[in-house]
> 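Dropping the structure in here first, questions after.
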Amino acid sequence: MILAWIIIVLLAGGLAAWFLARWDPLWARRTCLFALLLDLALAVSVFWLGHIETGAAGLPETGAWLIELNVPWIPQLGIGLHLAVDGLSLVLVLLTIFLGLLSLSSAWSEITGRVGFFHFNLMWILAGIAGVFMSLDMFLFYFFWEMMLVPMYFLIAIWGHENRQYASVKFFIFTQASGLLMLLSILGLFFIHGANTGDYTFDYTRLLGTQVSPSIAIWLMLGFFIAFAVKLPAVPFHSWLPDAHTEAPTAGSIILAGLLLKTGAYGFIRFLIPLFPDMAARFAPVAMGLAVASIIYGAVLAFAQNDLKRLIADTSISHMGFVLLGVYAWNGLALEGALMQIISHGISTGMLFMMVGSIQERIHTRDMDVMGGLWPDAPRMGGVMMVFALASLGLPGMGNFLGEFLVLFGTYRVSSAFAVIASLGFVLSTIYSIWMIQRTFHGEKRGGYRVRDLSSREMAASAVMIAAIIWLGVYPQPVMDTASPAFNGIQGAAKMQKAPDPVSGRPSKDARAKSIWTLTP
Amino acid sequence: MLELLWLIPAMPFAGFLVLATAGKKLSRTGAAVIGAGSAGVSALISLIVAFSFISSPPAGNSYSQVLWEWVNTGGLSLSISFYLDALSVIMVLVVSVVGFLIHLYSTGFMARDDGYSRFFSYMNLFVGSMLTLVLAGNLLLLFLGWEGVGLCSYLLIGFWYRETQNGYAALKAFIVTRIGDTAMAIGLFLLFYNLGTLDIQQAMGLAKANWPVGSGIAIAAAALLLGGALGKSAQLPLQTWLPDAMAGPTPVSALIHAATMVTAGVYLIARTHVLFTLAPPVQSAVAIIGAATLLVAGFSALAQHDIKRVLAYSTISQIGYMFLALGVGAWSAAIFHFMTHAFFKALLFLGAGVVIQGLNEEHDMFRMGGLRKEMPATFWSFLIGAASLSALPLVTAGFYSKDLVLWDVWSSRTGGNWLWAAGLLGALLTSIYSFRMVFLTFYGEKKTPVTRTPGPVMLIPVIALAALSAVGGFVEIPGTMGNVPLFSGFLETALPKMVFSGVPESELISQIIAAILSVGGIYVAYFFWLALPEYARDFTKHPAGSALHRFLFSGWGFDWLYARLFVRPYVWAARVNKRDVIDLFYSGIALINRLSHYALSATQTGKVRWYVMVLGFGAFITITIVVFT
Amino acid sequence: MIFSVPMEEGLVLAWVLFVTGLVGVIVRRDIIFILMSIEIMLNAAGLAFVIAGARWAQPDGQVMFIFIMAMAAAEVSVGLALVLQLYYRRKTLDVDSASGMKG
């Protein structure tokens with residue numbers, strides 16, 4: 001039940017904030033803060049409660065769920081309220097709440113119009129995202145998947161910048177259209193499973209292992225693939241992202257980059273590959289090709305931008321390419337790397353957006369042509385920006401480095417060519433990151449403005465985030481330990497595990513002989 | 001006492017943390033105490049550790065210390081661990097001691113700068129990263145230090161960030177070295193995939209056991225690591241960043257771009273020498289690159305006007321010597337030259353810093369001159385440094401190390417006459433450009449007034465380094481003079497001995513030729529830049545001479561070439577694609593929709609009579625179809 | 001057999017009437033003429049029904065004609081109301097002036 005509460009608290013917090021804002025906007029903010037903190041407590045308590053509540057339910061071969069809730073919702077159609085978390089989901093739910101707090105703090109002074117409705121949308125997006133990370137019923141998953149979109153649309157369309165109408169509509173059409181493809185795939189899977197077994201159900205655990213003929217499976221798989229690849233985003237489905245990120249208010253950008261993109265990655269790991277293991281394996285070279293293309297293309301695109309926010313938005317394409325690469329490499333190292341990248345990217349890009357938000361709040365432009373020489377005025381801001389720019393170029397000692405390296409270590413096992421090409425991303429990410437710092441904080445001062453440095457509230461938030469990203473870089477083991485049983489379970493579910501050599505941990509000789517994934521029937 | 005090992009890098013890191021968080025609140029003295037103090041404590045601890053290591057060597061002549069588990073997943077198991085053997089003892093000693101001296105110097109040099117505490121925080125971060133690099137027990141931790149020093153190099157080159165040019169120089173340094181680092185990273189993937197571990201000692205053992213000499217995988221691994229080393233150590237073809245890196249404050253040039261960071265490539269190759277021994281073609285490539293680099297940079301140094309750029313090219317050239325030695329398997333000779341080079345090159349940079357500051361930020365040697373009387377202490381120290389750089393026989397440290405390199409190159413099985421000749425030509429060039437610098441700066445007539453003289457905190461490190469540059473070579477007396485190979489004997493526990501194929505008697509011949517060239521070079525410099533400067537001037541006025549001068553001045557046109565080959569095409573491609581070609585597809589869909597919308601809405605005229613007509617026409621067609629089919 | 005008209009001729013008459021009405025609707029801009037033209041078309045359709053009813057000696061044709069008459073009456077009442085509104089708002093009887101719903 002605690003899982004339902006996590007979502008209910010967010011939903012109720014959003015509603016309460018909407019109503020309270022009529023009296024006092026401050027109370028709306030406080031309510032949201034309170035709801036998020038409560039949620040944090042709930043999510044953390046899952047760690048302890050998990051092993052108490054773990055019953056017989058759960059998948060034998062996907063590893064035990066830490067905690068599970070399964071009640072019928074529309075039993076006639078085989079739809080249930082099936083929520084469960086394992087290590088992977090839990091880490092992502094924690095990230096959701098963590099970044100929710102960050103975006104709340106960024107909105108604290110930035111949002112002044114229609115405060116109540118803003119916070120309502122914010123909390124409902126978070127609820128949708130948390131739901132996506134927890135639901136194990138395909139229908140419920142789709143429900144939450146769509147639930148994220150509408151409030152996000154409002155967030156961009158109402159509180160966005162100059163070109164917000166275009167961006168919000170583009171965002172909505174891309175995600176909605178791809179979501180519909182996924183719905184078709186879900187329904188296809190539902191009917192095929194029903195026809196095969198007589199058990200018409202949307203439950204993920206029962207849909208696993210559905211026998212689908214390859215000619216149909218490829219279409220079902222593509223439906224999921226496109227939905228997740230649009231969300232991730234991977235080239236060539238990325239073009240909504242720069243617009244949406246650029247035009248969204250800071251809080252929206254943080255959530256978009258930090259969380260919404262991650263639902264795509266999560267979808268790949270949790271649903272696409274376990275549901276269609278054979279087809280995914282055959283599709284892997286294409287997907288990895290797209291991943292590598294994203295890494296390179298996003299970086300080149302970022303370098304060309306004048307708009308600071310757009311630059312950072314484009315870097316997400318590049319970074320999420322590593323996630324896609326890691327997912328399709330589909331071994332323990334690469335998956336852990338993908339998770340590290342997911343978390344670190346959420347923090348680093350979220351903070352970069354927050355810094356851009358602060359800059360824009362102060363000088364009312366995002367155009368780097370008129371920036372430059374901001375450092376003397378705002379050394380703290382420059383320092384924070386520098387730290388996260390370095391994180392984003394993959395400097396060792398920060399989480400992003402481990403994420404990218406683990407992905408590449410894992411990818412190299414599968415395909416050295418993809419790993420080598422993806423490594424070019426290191427050079428390109430250096431170029432855009434350093435270029436960005438050079439044009440904003442270094443160099444001569446071009447605009448005639450004085451910039452106020454970060455306030456102590458902003459500085460405190462930044463310090464927490466810096467500590468977090470460095471912690472992920474030098475002592476990531478707790479995160480990995482939490483998630484690794486989940487990965488083992490999912491890999492078991494997909495029945496695609498490579499048997500590693502028990503002594504050295506390296507893949508066995510015959511596993512290495514095949515270029516892409518060894519499939520065990 | 002070896003348990004103190006972790007404190008050596010931890011101290012500067014702690015200093016960095018304090019300065020980075022509380023730097024604004026600290027007074028200048030406070031920042032100096034923490035900055036230089038942490039480096040000093042670190043140097044002290046490394047002396048203690050080194051003493052303890054030498055006096056009572058641990059079992060297996062190595063000591064490792066595991067701090068905590070870093071990553072352990074999916075077969076990759078890494079810890080934050082330090083590994084101390086003879087090689088890392090030498091590296092740690094040089095880095096921490098020279099580092100401390102330069103910190104001390106900086107307290108004076110940077111005294112009037114705004115970013116005082118920022119400077120020391122970056123410097124501390126650098127020393128910490130560098131010490132991590134040389135102490136790292138596994139390759140990923142080494143890579144952490146490796147990138148850390150690269151970052152600090154970037155930060156410190158661009159330290160005076162208000163000048164856009166400095167920013168570009170920093171950018172260039174970071175990006176160029178990062179290209180090498182990417183090769184190195186791929187090397188790590190390859191090593192891990194094939195060996196299953198990144199622990200350096202384990203990996204080297206496995207490589208030796210499993211890979212035959214000359215196997216493709218060993219060649220690939222060695223070549224990729226070499227890529228990293230080339231970038232970091234500014235060797236051909238990735239040497240272009242170092243001369244521009246002189247935009248940073250002079251102590252930075254001394255510490256990072258002369259004494260320590262740029263020699264990280266040498267350390268990496270020495271550390272993974274097993275791989276290079278298994279890959280003879282790559283090892284030969286190392287030697288050839290070293291020889292080519294030392295000549296290219298040596299010639300370029302001759303044509304520079306900026307005193308720091310002379311030193312920068314000289315650094316590239318001297319690291320070329322180290323690569324040459326590594327390439328012929330003379331591991332300890334390379335490390336020996338690294339050590340003496342750290343002393344005298346740091347000294348020369350610090351001396352140059354005193355001169356530049358004394359002449360109110362004047363970098364052009366042709367506007368200096370006659371400083372011998374004005375700055376006696378600096379002059380004598382600088383002279384010792386230049387003599388050591390030129391390998392003046394018997395009395396300088398540089399003589400012993402460079403001679404060892406040259407002799408080893410000649411006598412090694414994989415060396416040979418050509419490489420040796422290149423080394424000798426380089427030695428001649430070295431002493432020419434060194435003394436050109438000395439004569440232009442300290443002799444002749446005075447051209448710019450001295451506005452600032454160095455205080456004791458700046459002179460003490462200079463003098464200390466001068467002493468080290470003079471006597472630092474006595475730890476390795478060659479066979480012709482009594483044969484006291486303390487240094488290579490000590491390193492033998494970590495690095496294999498070179499395979500000799502020459503006759504011992506010829507060592508004297510090599511030494512005599514080198515000595516003659518060294519002294520001859522000084523005479524040439526005297527002749528052209530002090531006795532008869534018109535000759536040099538006339539030469540540069542002649543069209544061919546001036547073309548040659550410009551060619552050498554620009555560092556053989558590498559920047560020109562790279563700008564056209566890489567930079568401009570990339571920038572052009574990025575610009576062209578700024579609006580995102582792929583988005584055109586989606587805009588195209590939107591456009592088609594919009595056009596069809598216009599087309600259809602154009603039929604919606606609002607005129608009923610029009611509708612009736614269309615309706616009638618449609619009915620007519622429908623009926624026609626129904627009736628006639 | 002009483003008086004009878006050949007069906008073909010009757011239908012030709014209905015066709016001529018219908019086309020006259022249609023052309024009137026299309027070419028006239030005055031809304032009153034359009035209404036009148038519509039009436040002509042309706043009557044043409046009614047005539048066709050009657051003729052067809054007569055041809056097969058069935059009452060349905062006349063029944064349909066009564067329907068059409070009723071409908072035409074309703075149409076005229078609505079139509080005249082529209083005419084009044086149009087004139088009231090636009091001070092003209094030109095239908096093309098009321099093209100506010102163009103796309």
Side-chain angles (χ1 to χ4, degrees), chain A residues 170 174 235-236 238-240 242 297 300-301 303-305 331-336 372-373 375-376 379 383 390 393 395-397 401-402 405-406 408-413 416 419-420 423-424 426-427 430-431 434-435 438 441-445 474-477 480 484 500-501 504-507, chain B residues 20-21 24 68-77 80 114 118 140-141 143-148 151 154-155 158 161-164 166-168 170-171 174-175 178-179 181-183 185-186 188-190 192-193 195-197 570-571 573-580 582-583 585-587 590:
Chain A
K170 195 171 181 180
F174 264 83
V235 168
H238 63 279
S239 77
W240 64 271
Y297 193 80
V300 178
L301 204 55
F303 172 69
Q305 304 306 322
N331 53 42
L333 264 180
L335 285 173
E336 291 281 9
W375 193 294
L390 293 173
L393 70 82
L395 192 80
F401 163 75
L402 276 186
F405 254 60
L406 291 181
L408 291 177
F409 275 128
T411 306
Y412 197 93
R413 285 181 175 174
S416 53
V420 168
S423 307
L424 281 182
F426 290 145
V427 177
T430 312
I431 295 175
I434 298 300
W435 185 236
Q438 175 66 29
F441 282 90
H442 288 174
E444 287 165 52
K445 203 166 168 175
V474 296
Y475 190 54
Q477 204 53 41
M480 296 193 173
S484 65
D501 187 339
S504 68
R506 282 184 291 143
Chain B
T21 50
K24 286 268 153 204
W68 69 82
E69 191 175 52
W70 188 10
V71 178
N72 183 7
T73 180
L76 175 69
S77 165
I80 304 281
D114 292 336
R118 187 164 60 93
L140 205 65
L141 187 62
F143 194 73
L144 187 148
W146 187 270
E147 293 287 292
L151 163 70
Y154 158 75
L155 291 172
Y161 53 81
R162 283 191 183 84
E163 295 287 330
T164 310
N166 296 351
Y168 288 161
L171 216 108
F174 205 16
I175 293 169
R178 189 90 172 161
I179 292 170
D181 297 353
T182 303
I186 298 171
L188 298 193
F189 305 147
L190 186 137
F192 175 67
Y193 175 64
L195 298 174
T197 177
Y570 181 69
V571 173
R575 289 267 154 76
V576 166
N577 192 34
K578 186 179 172 195
R579 300 311 317 167
D580 193 353
I582 294 175
D583 197 33
F585 172 71
Y586 298 105
S587 324

> In terms of heavy-atom pairs under 4.5 Å, which option from B:Lys578, B:Arg178, B:Glu163 contacts chain A the most?
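The candidate making the most pairs under 4.5 Å is B:Arg178.
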
> Under 4.5 Å between any side-chain heavy atoms of B:Asn72 and A:Met480, yes or no?
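B:Asn72 vs A:Met480: side chains apart.
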
> For the residue pair A:Phe409 and B:Tyr193, is the inter-centroid distance of their aromatic rings smaller than 6.0 Å?
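When the ring centroids of A:Phe409 and B:Tyr193 are compared, they turn out to be at least 6.0 Å apart.
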
> Pick one of side chain, backbone, both or neither for B:Leu188, based on which atoms fall under 4.5 Å of a heavy atom in chain A.
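Both backbone and side chain.
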
> Quick check: closest heavy atoms across A:Leu424 and B:Thr182, and the distance to 0.1 Å?
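The pair with the smallest heavy-atom distance is N-CG2, 4.3 Å.
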
> Taking atom OH of B:Tyr168 and atom CD of A:Gln438, what is their separation to the nearest 0.5 Å?
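So the OH of B:Tyr168 and the CD of A:Gln438 are separated by 6.0 Å.
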
> Suppose we call two aromatic rings close when their centres sit under 6.0 Å apart. Are B:Phe143 and A:Phe405 close by that rule?
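Yes, ring centres under 6.0 Å apart.
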
> Would you call the rings of A:Trp375 and B:Tyr161 parallel, tilted or perpendicular, taking 30° and 60° as the class edges?
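If you compare the ring of A:Trp375 with that of B:Tyr161, the planes turn out tilted.
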
> Please examine the side chains of B:Leu140 and A:Phe401, heavy atoms only from C-beta on, and report whether any two atoms are closer than 4.5 Å.
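The answer is yes, as the side chains (C-beta and beyond) meet within the 4.5 Å cut-off.
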
> How close do B:Ala574 and A:Ala304 get, counting heavy atoms only, and between which atoms?
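The answer is O-CB, 3.1 Å.
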
> Can you find a heavy atom in the side chain of A:Thr411 that is under 4.5 Å from one in the side chain of B:Phe189?
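Not touching, per the 4.5 Å side-chain cut-off.
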
> Between A:Phe174 and B:Tyr586, is a ring pair (Phe, Tyr, Trp, His ring centres under 6.0 Å) present by the stated rule, with each step listed?
CA-CA 10 Å; A:Phe174 264 83; B:Tyr586 298 105; 4.7 Å; yes

> Please identify, among B:Ala185, B:Gly148, B:Gly145, the residue contributing the most non-hydrogen atom pairs under 4.5 Å to chain A.
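Most heavy-atom pairs within the cutoff with chain A belong to B:Ala185.
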
> Which heavy atom in B:Glu147 sits nearest to a heavy atom in A:Leu395, and how many Å separate them?
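In this case the closest contact between B:Glu147 and A:Leu395 is O-CD1, 3.9 Å.
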
> Report which part of A:Leu393 has an atom under 4.5 Å of a heavy atom belonging to chain B: side chain, backbone, both, or neither.
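Contact with chain B involves both backbone and side-chain atoms of A:Leu393.
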
> Can you tell me how far OH of A:Tyr412 sits from CG of B:Leu190, rounded to the nearest 0.5 angstrom?
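That separation rounds to 3.5 Å.
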
> How close do B:Ile582 and A:Pro236 get, counting heavy atoms only, and between which atoms?
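Looking at all heavy atoms of both residues, the closest pair is CG2-O, 3.6 Å.
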
> Quick one: of B:Thr73, B:Asp580, B:Thr164, B:Asn577, who has the most non-hydrogen atom pairs under 4.5 Å with chain A?
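Sorted descending by pairs with chain A, the first entry is B:Asp580.
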
> Measure B:Val576 against the heavy atoms of chain A and call it side chain, backbone, both or neither at under 4.5 Å.
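Answer is neither: B:Val576 stays 4.5 Å or more from chain A.
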
> Using every non-hydrogen atom in the two residues, find where A:Pro476 and B:Val71 come nearest and quote the distance to one decimal.
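What the structure gives for the nearest pair is CG-CG2, 4.2 Å.
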
> Can you say whether A:Gln477 sits under 4.5 Å from chain B via the side chain, the backbone, both, or neither, judging by heavy atoms?
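Contact with chain B is through both the backbone and side chain of A:Gln477.
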
> To the nearest 0.5 Å, what is the distance between OG on A:Ser239 and CZ on B:Phe585?
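Here the interatomic distance stands at 9.5 Å.
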
> Would one find more than 12 heavy atoms of other residues, nucleotides or ligands at under 6.0 Å from atom CD of A:Glu444?
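Incorrect, the count does not exceed 12.
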
> Got a second to check how far A:Leu390's CG is from B:Phe174's CZ, nearest 0.5 Å?
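It is 6.5 Å, given to the nearest 0.5 Å.
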
> Under 4.5 Å heavy-atom distance to chain B, tell me which part of A:Pro376 shows up: side chain, backbone, both or neither.
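Backbone plus side chain of A:Pro376, per the 4.5 Å heavy-atom cut-off to chain B.
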
> Let me know if A:Ser416 has heavy atoms under 4.5 Å from chain B in its side chain, its backbone, both or neither.
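It is neither, since no heavy atom gets under 4.5 Å.
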
> Is there side-chain contact between A:Leu402 and B:Trp70, with at least one heavy-atom pair below 4.5 Å?
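Touching, per the 4.5 Å side-chain cut-off.
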
> If you define the side chain from C-beta out and look only at heavy atoms, does anything of A:Ile434 sit under 4.5 Å from B:Tyr154?
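Sidechains of B:Tyr154 and A:Ile434: in contact.
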
> Find the distance between CD1 (A:Ile431) and CD1 (B:Ile175) and round it off to the nearest 0.5 Å.
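The CD1 atom of A:Ile431 sits 4.5 Å away from the CD1 atom of B:Ile175.
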
> What's the spacing between B:Leu171 CG and A:His442 NE2 if we round to 0.5 Å?
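Rounded to the nearest 0.5 Å, the CG-NE2 separation comes out at 10.5 Å.
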
